[in-house]
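Per chain, numbering begins at 1; letters A, B, ... match sequence-line order.
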There are 2 protein chains.
Amino acid sequence: MPSEAPARCAACAARNRALCAGLADRELAALHAIGRRRVLSAGQVLTWAGDPAIVCGNLVSGLLKVARQEADGRTQIVGLLFPGDFAGDPFDTRATDTIAALTEADLCIYPREALARTLEQHPAAERLLLRRTLATLTAARRALPMLAHARAEARVAAFLLDMAYRAEVSGDRPFVLPLSRGAMAEALGLAIETVSRHITGFRDDGLIALSGLRGIRLLDRVALARRSG
Amino acid sequence: MPSEAPARCAACAARNRALCAGLADRELAALHAIGRRRVLSAGQVLTWAGDPAIVCGNLVSGLLKVARQEADGRTQIVGLLFPGDFAGDPFDTRATDTIAALTEADLCIYPREALARTLEQHPAAERLLLRRTLATLTAARRALPMLAHARAEARVAAFLLDMAYRAEVSGDRPFVLPLSRGAMAEALGLAIETVSRHITGFRDDGLIALSGLRGIRLLDRVALARRSG
DNA sequence: CGTCGCCTTGAGTGCACTCAATTATTGTGG
DNA sequence: CCACAATAATTGAGTGCACTCAAGGCGACG
């Protein structure tokens with residue numbers, strides 16, 4: 001039965017968050033027909049900015065960065081992709097961003113052109129992508145005031161709170177930051193040293209506890225929230 | 001004939017740039033049936049952030065700003081809307097941004113809910129909105145590195161070049177900046193004084209000529225481009 | 001002619017940057 | 001398992017840029 005939800009999709013960890021969520025079996029089968037799984041190890045690149053755009057994909061697990069190279073050689077992260085998020089632009093023949101894995105990442109990837117054709121034949125899928133893109137736009141715009149005005153302390157505090165939220169960690173339970181200090185600096189538009197200074201500052205003030213390079217516990221979310229605004 | 005392109009649309013200045021462009025007469029008639037014209041004078045607000053989202057619209061002439069209020073009371077412009085651009089989010093019941101006119105502006109506005117229903121019935125229109133939204137996302141992300149890293153001089157230079165491009169002005173022909181210094185500061189994430197200082201700096205260096213508060217000529221685009229990045 | 005809004009110019013300060021050195025952690029081979 | 005190397009993070013010192021605060025100029029408009 002071609003209209004049944006494919007077994008791979010039914011078992012997918014991102015099944016209920018990705019573009020696939022809410023699609024009828026018919027649309028899901030159409031997507032499944034052109035998709036395949038791919039694992040990226042940390043640091044590997046999915047698309048290079050400027051190169052012809054070959055693939056798009058749904059992130060199943062792990063963390064991707066969407067980044068741009070600046071004239072002075074620095075890198076600015078313009079988006080972080082979490083499980084369920086969509087990577088790439090089905091209608092752009094040339095990639096505008098470099099998309100790379102910050103951790104080991106599991107993706108369901110689609111050839112860009114085939115995906116574009118499939119979307120044209122399945123308005124329900126296209127509608128989902130539209131809503132998702134509108135949400136992504138809102139997220140990008142939320143980051144604008146942060147990068148434009150907020151002081152370094154506020155950026156770091158807000159980022160830590162956001163990471164805890166995304167890791168679905170409540171209270172002061174420990175969790176692992178999926179980004180290095182360098183990646184955080186790229187995302188927050190700061191120098192590595194500045195990120196480091198404020199993180200150790202928070203630790204010295206008793207707002208957080210650190211263990212190893214990536215382990216962290218938020219001891220005082222209220223104080224962190226106060227410093228984030 | 002209900003499937004004819006309505007006369008108002010045929011005469012519209014934004015007919016070939018707005019969401020309407022490329023729509024078949026049938027879709028155009030559906031949009032026309034729920035749309036009406038509205039003129040905003042400079043400073044008037046179309047939507048307030050946080051209020052229920054009532055309307056969306058296509059900008060026909062003039063300039064709108066899409067702005068967010070920060071915790072410290074400052075305003076950050078997260079998008080500028082030029083003729084043909086789409087304002088609002090048809091699927092969001094609450095406005096996330098304050099949208100206001102920077103100049104007198106002419107819009108074709110649609111009740112949000114009716115527009116959402118119309119889009120669901122007309123996949124071609126929805127597809128156009130998707131492509132437009134993807135382009136807007138790219139534009140927002142292009143602004144991110146600017147606000148995160150670029151020095152004030154680079155931001156102002158890039159902005160002036162962009163304004164000339166949007167005004168479709170070539171060479172050193174004079175044109176009118178549609179924004180006040182204050183609005184430019186809100187868009188560039190700078191203080192008014194900083195914008196003013198760099199503009200007069202460019203004038204003193206012979207890169208631009210000013211006439212009145214809004215009039216400007218770009219005398220040396222190459223030098224401006226050099227200073228923009 | 002005076003007022004109001006917008007813009008310009010000046011002085012001084014603070015924050016985040018760069019450069020530089022040290023420490024901590026992770027990974028690898030003996 | 002330990003020593004070592006390589007990478008990542010921290011810490012320190014000094015500087016520059018854009019900010020705030022403040023005053024003055026310029027035009028538009030009544």
Among [options], which is the nearest nucleotide to the side chain of [X]?
X        : options                : value
B/Leu213 : D/dC19, C/dT18, C/dC6  : C/dC6
A/Ala191 : D/dT11, D/dC21, C/dC17 : C/dC17
A/Ser180 : C/dT9, C/dT18, D/dA9   : D/dA9

Residue-phosphate contact under 4.0 Å: [X] side-chain N/O, [N] OP1/OP2:
X        : N      : value
B/Thr200 : C/dT9  : yes
A/His198 : C/dC15 : no
B/Thr194 : D/dA18 : no
A/Arg181 : D/dT10 : yes
B/Arg74  : D/dT20 : yes

Between the side-chain atoms of [X] and the base atoms of [N], is any donor-acceptor pair under 3.5 Å?
X        : N      : answer
A/Arg203 : D/dT11 : no
B/Glu153 : D/dC17 : no
A/Arg151 : C/dG14 : no

task = Say whether, by atom type as modelled, one donor and one acceptor occur between the side chain of B/Thr103 and the main chain of B/Leu63 under 3.5 angstrom.
result = yes

Interatomic distance where [atom1] belongs to [X] and [atom2] belongs to [N] [whole Å]:
X        : N      : atom1 : atom2 : result
B/Asp72  : D/dC19 : CG    : P     : 12 Å
A/Leu210 : D/dT11 : CG    : C1'   : 15 Å
B/Arg214 : D/dA28 : CZ    : P     : 12 Å

Rounded distance (nearest 0.5 Å) linking atom CZ of A/Phe159 with atom NE2 of A/His198 = 15.0 Å

inquiry  = For the CG atom of A/Leu160 and the CZ atom of A/Arg221, what is their distance to the nearest 0.5 Å?
reply    =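 Between atom CG of A/Leu160 and atom CZ of A/Arg221 there are 10.5 Å.
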
query = After noting the C-alpha distance and the side-chain angles of B/Ser196 and B/Glu193, does the key distance pass the side chain to side chain donor-acceptor pair (under 3.5 Å) rule?
reply = CA-CA 5 Å; B/Ser196 180; B/Glu193 299 93 323; over 6 Å; no

What's [X] touching, base or sugar-phosphate or nothing? Going by heavy atoms closer than 4.0 Å.
X        : answer
A/Gly201 : nothing
A/Ile199 : nothing
A/Gly215 : nothing
B/Gly212 : nothing

message = Check B/Arg227 with B/Asp220, please: is the shortest side-chain N to carboxylate O separation under 4.0 Å?
response = no

